[in-house]
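Beneath this line is the structure, given in structure tokens, with notes to follow.
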Amino acid sequence: MGKLDGKVAFITGAARGQGRSHALALAAEGADIIAVDICADIETNTYALASSDDLEETRRLVEKEDRRCVTSIADVRDPGQLRQSIEQGVAELGRLDIVVANAGICPLGQMPGNAFLDAVDVDLVGVINTVSAAYPHLRAGASIIATGSTAALMKGGSDSPAMGPGGAGYTHAKKGVAQFVHDAAKALAPESIRVNAVHPTNCNTDMLHSEGMYKIFRPDLEAPTREDTVDAFASTQPMPTTPWVEPEDISKAVLFLASDDAQFVTGLQMKVDAGQALAHTHAYAIK
Ligand SMILES: NC(=O)c1ccc[n+]([C@@H]2O[C@H](COP(=O)([O-])OP(=O)(O)OC[C@H]3O[C@@H](n4cnc5c(N)ncnc54)[C@H](O)[C@@H]3O)[C@@H](O)[C@H]2O)c1
């Protein structure tokens, strides 16, 4: 018996990184998967995004778990593409129970202002588009999970001159995701549809291991390498064990929120951050 037997999950940004890890974690607990990704680059985002081969690999790995996987290429900035992917997935898999709005970019560095707009478009508007496209297929008991970031919870977040307009857009978007999750949870609670956020710290994916990110963490070096950044990443978290968490660590939180173990959990801003945001947050939020 899996925790998600008979359920279907829609995951954006599923070709690699955290999205792929979430697909495998949910499939291992019995869910069939609708997996989408842009499988193309975005001009202001200096590191490469996933490829169609990556998405195909996610499908192969889900099928290895003996679950079905419907893949399609879709850009979360385009509501029509998302609707089409979900409709195709639901037609093949029969239903939709879980939504993981995970796709994201982080266009750091000295860029034109449209890096700000691209980050907001993918990281915030993309989340809203994903939830809107999925909503007509959801029923009581459904679970929506959006990927935020500790950038949403920390003073300044990734909003500093060195991070450029894309960094400011990233923080704006992730703060927006946190607010959207809170307000959508309130709006959808009467329909017994839950909405929660996961907020990862530094996570071991291509987004973190990118030239732009390394330069932010080691501004003293011309061309910092992965090795050069370990201590700098580790110093951002009070728990001493790790410079970054693994995608699988985030997937454990996603699995909890997706499953009936969390049947009364909604509106949660769930940090998986080795304590990174603690210096910036209060014990509880009061109006
Ligand atoms: N890696 C980190 O340190 C970290 C920390 C906090 C939050 N996050 C968030 O985690 C999420 C997953 O990122 P990741 O760490 O796995 O990085 P990643 O770059 O490995 O994965 C992101 C995926 O999203 C896809 N994508 C990007 N733009 C898209 C679009 N417009 N439409 C559809 N797909 C698109 C990419 O192709 C890629 O497969 C993102 O929302 C990111 O902001 C990451």
Side-chain angles (χ1 to χ4, degrees), residues 10-24 35-58 71-79 81-82 85 100-108 117-127 129-130 133 145-154 157-158 166-167 169-178 197-210 212-214 216-217 229 233 236-237 242-251 253-254 270-274 276-277:
F10 174 60
I11 305 174
T12 66
R16 73 177 190 201
Q18 295 178 56
R20 176 189 285 167
S21 172
H22 301 338
L24 299 187
V36 305
D37 203 286
I38 188 172
C39 299
D41 291 341
I42 293 176
E43 205 182 322
T44 53
N45 200 64
T46 48
Y47 59 93
L49 297 176
S51 67
S52 51
D53 285 349
D54 293 326
L55 187 58
E56 199 44 44
E57 178 65 2
T58 296
T71 59
S72 56
I73 294 178
D75 185 336
V76 295
R77 295 173 294 181
D78 185 329
Q81 289 183 16
L82 289 173
S85 300
V100 187
N102 159 84
I105 58 170
C106 192
L108 297 179
L117 297 173
D118 286 344
V120 172
D121 213 5
V122 175
D123 297 338
L124 175 58
V125 179
V127 168
N129 285 342
T130 301
I145 299 135
T147 306
S149 165
T150 47
L153 309 173
M154 300 195 299
S158 54
Y170 188 82
T171 297
H172 176 88
K174 296 301 187 179
K175 285 185 190 297
V177 167
V198 287
H199 294 290
T201 181
N202 319 322
C203 185
N204 190 10
T205 68
D206 290 351
M207 179 183 286
L208 189 76
H209 294 294
S210 58
M213 192 73 80
Y214 285 178
I216 297 300
F217 279 81
T229 60
F233 279 127
T236 66
Q237 300 163 158
T242 174
W244 43 70
V245 299
E246 296 300 324
E248 292 74 16
D249 297 314
I250 313 302
S251 299
V254 169
M270 189 168 183
K271 296 177 285 176
V272 184
D273 74 339
Q276 189 182 62

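All heavy atoms count here, side chains included; hydrogens, waters and symmetry mates do not. Just follow the structure's listing: the first ligand is 1, and inside any ligand the first atom is 1. We're numbering straight along the sequence, starting at 1.
- Between Phe217 and Phe233, the angle of the ring planes lies from 30° to 60°, which puts this pair in the tilted group.
- When all heavy atoms are compared, the tightest approach of Leu153 to Ala277 is CB-CB, 4.1 Å.
- In Glu43, the CD atom is not crowded: 12 or fewer heavy atoms of neighbouring residues, nucleotides or ligands sit closer than 6.0 Å.
- No side-chain donor from either of Gln276 and Asp273 sits under 3.5 Å from a side-chain acceptor of the other.
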Under 3.5 Å, N/O to N/O: give me all the pairs between ligand 1 and the protein, one per line with atom names and distance.
unit_1   : atom_1 : unit_2 : atom_2 : d
ligand 1 : 1 (N)  : Cys203 : O      : 3.2
ligand 1 : 1 (N)  : Thr205 : OG1    : 3.1
ligand 1 : 3 (O)  : Cys203 : N      : 2.8
ligand 1 : 10 (O) : Gln18  : NE2    : 3.0
ligand 1 : 15 (O) : Gln18  : NE2    : 3.0
ligand 1 : 15 (O) : Thr205 : OG1    : 2.7
ligand 1 : 16 (O) : Gln18  : N      : 2.8
ligand 1 : 17 (O) : Thr205 : OG1    : 3.4
ligand 1 : 19 (O) : Arg16  : NH2    : 2.8
ligand 1 : 20 (O) : Arg16  : NE     : 2.9
ligand 1 : 31 (N) : Asp75  : OD1    : 2.8
ligand 1 : 32 (N) : Val76  : N      : 3.0
ligand 1 : 34 (N) : Ile38  : N      : 3.2
ligand 1 : 37 (O) : Asp37  : OD1    : 2.6
ligand 1 : 37 (O) : Ala50  : N      : 3.1
ligand 1 : 39 (O) : Asp37  : OD2    : 2.6
ligand 1 : 41 (O) : Asn102 : O      : 2.8
ligand 1 : 41 (O) : Lys174 : NZ     : 3.0
ligand 1 : 43 (O) : Tyr170 : OH     : 2.7
ligand 1 : 43 (O) : Lys174 : NZ     : 3.0

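- If you check the side chains of His22 and Ser251, you find a donor sitting under 3.5 Å from an acceptor.
- Minimum interatomic distance between Ile73 and Gln81 (heavy atoms only, all atoms of both residues): O-OE1, 4.4 Å.
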